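To start, the structure itself, in structure tokens.
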Amino acid sequence: SGIVDSADVSLYSVTIDSLEHTYVNDVELRLYAPNGSSTKLYFGYAGGGQNMMGAEFNMMATNTINSGAGPFTGAWLPEEPFNWLNGNSNGNWYLEIYDHYSGDTGILKGWSIRFADRDTVMTYAWTPAAGLTSSNTLNTQLTASVSQDYIFTATNALGCSSSDTTSIFVPTLDIFV
């Protein structure tokens, strides 16, 4: 693969650019790492159909491959997780395609594999900081005297960030004597 192996490199996705098959439910796709460890991407449990065109297997996808039907396009969770692959990332990666039943035909016209830096360093920010025990840690405690919104932002080493807002409601107490 030509990658410099380190703990900061991980498999991001495997894309089937073009697999033409008359009944894709017969097909098993298995990815092999350079050390021989493997993970199953797909094994025809889905709703049948033909072909895979631009079907990307990645661990961030929200649709399970078993819930779909051919032609498969877009992002799918593989049947087995990528962390079942281990060892050095540098070397030859193999995609095995096996048709479990006779009578159908198919041809793989292209596939690709992508690697990414792991998000090993995260920074955190809470705003506003008033009333918080810490404004730059994942977990903090709040002593609130007024209702207000707090924004939490997480940023990785690559500069990608995501924010979410939580609303804190502090009820007023009316005490009658």
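Computed from a predicted model, the values in this text were never measured in an experiment.
In this model, a donor atom of one side chain and an acceptor atom of the other lie less than 3.5 Å apart for Thr22 and Asp104.
If you look at Trp93 and Phe115, their ring centroids are closer than 6.0 Å.
Asp149 has its side chain within reach of Ser167: a pair of non-hydrogen atoms, C-beta onward, lies under 4.5 Å apart. Looking at His100 and Phe43, their side chains come closer than 4.5 Å, going by heavy atoms from C-beta outward. Val27 has its side chain within reach of Ile97: a pair of non-hydrogen atoms, C-beta onward, lies under 4.5 Å apart. Between Ile16 and Leu108, the closest side-chain pair of non-hydrogen atoms falls below 4.5 Å. Counting only heavy atoms from C-beta outward, the side chains of Asp164 and Thr153 never approach each other to under 4.5 Å. Considering only heavy atoms from C-beta on, Ser134 stays 4.5 Å or farther from Gln141 through its side chain. By the 4.5 Å heavy-atom criterion applied to side chains, Thr15 and Asn58 are not counted as neighbours. Counting only heavy atoms from C-beta outward, the side chains of Ser145 and Val170 never approach each other to under 4.5 Å.
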CA sep, side-chain torsions, deciding dist, call: Tyr42, Phe72, ring pair (Phe, Tyr, Trp, His ring centres under 6.0 Å): CA-CA 11 Å; Tyr42 173 78; Phe72 288 96; 5.5 Å; yes
Check the pair Thr133, Leu142 against side-chain contact (heavy atoms from CB on, under 4.5 Å), reporting the backbone distance first and the verdict last. CA-CA 6 Å; Thr133 55; Leu142 169 67; over 6 Å; no
Set out, in order, the CA-CA distance, both residues' side-chain angles and the distance that settles side-chain contact (heavy atoms from CB on, under 4.5 Å) for Leu11 and Ile113, then state yes or no. CA-CA 8 Å; Leu11 176 61; Ile113 187 170; 3.4 Å; yes
Intermediate values then yes/no, side-chain contact (heavy atoms from CB on, under 4.5 Å), Met52 and Leu29: CA-CA 11 Å; Met52 288 186 176; Leu29 301 174; 3.8 Å; yes
Passes salt bridge (Lys or Arg N to Asp or Glu O under 4.0 Å), Glu28 versus Lys40? Steps please. CA-CA 8 Å; Glu28 179 178 353; Lys40 186 181 350 174; 5.3 Å; no
For Phe57 and Glu79, run side-chain contact (heavy atoms from CB on, under 4.5 Å): C-alpha distance rounded to whole Å, both residues' side-chain angles, the deciding distance at 0.1 Å, then the answer. CA-CA 9 Å; Phe57 295 91; Glu79 288 199 35; over 6 Å; no
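In this structure, CD1 on Ile107 lies 7.0 Å from CD on Glu20, to the nearest 0.5 angstrom. In this structure, the separation between OG1 on Thr165 and CD on Gln148 is 11.5 Å, given to the nearest 0.5 Å.
Leu77 and Leu31 fall within a single hydrophobic cluster, where Ile, Leu, Val, Met, Phe, Trp and Tyr side chains are chained together by heavy-atom contacts under 4.5 Å. Under a hydrophobic-cluster definition in which Ile, Leu, Val, Met, Phe, Trp and Tyr are linked whenever side-chain heavy atoms come within less than 4.5 Å, directly or via other members, Val14 and Met59 are assigned to the same cluster. Residues Leu95 and Tyr32 do not share a hydrophobic cluster, defined by chaining ILVMFWY side chains whose heavy atoms lie under 4.5 Å apart. In the hydrophobic clustering of ILVMFWY residues, with side-chain heavy atoms under 4.5 Å counting as a link, Ile168 and Leu132 come out together.
Contact between Phe82 and Thr39 at its shortest, heavy atoms only, is CD2-CG2, 4.3 Å. Nearest heavy-atom pair, Asp26 versus His21, reported as atom, atom and distance to 0.1 Å: CB-CE1, 4.3 Å. The shortest heavy-atom contact between Ala61 and Ala75 is CB-C, 3.8 Å.
Between Tyr124 and Phe152, the two ring planes are parallel [angle under 30°; tilted spans 30° to 60°].
Side chain of Ser38 to main chain of Arg30: no donor-acceptor pair is present (N/O by atom type, distance under 3.5 Å, no hydrogens or angles).
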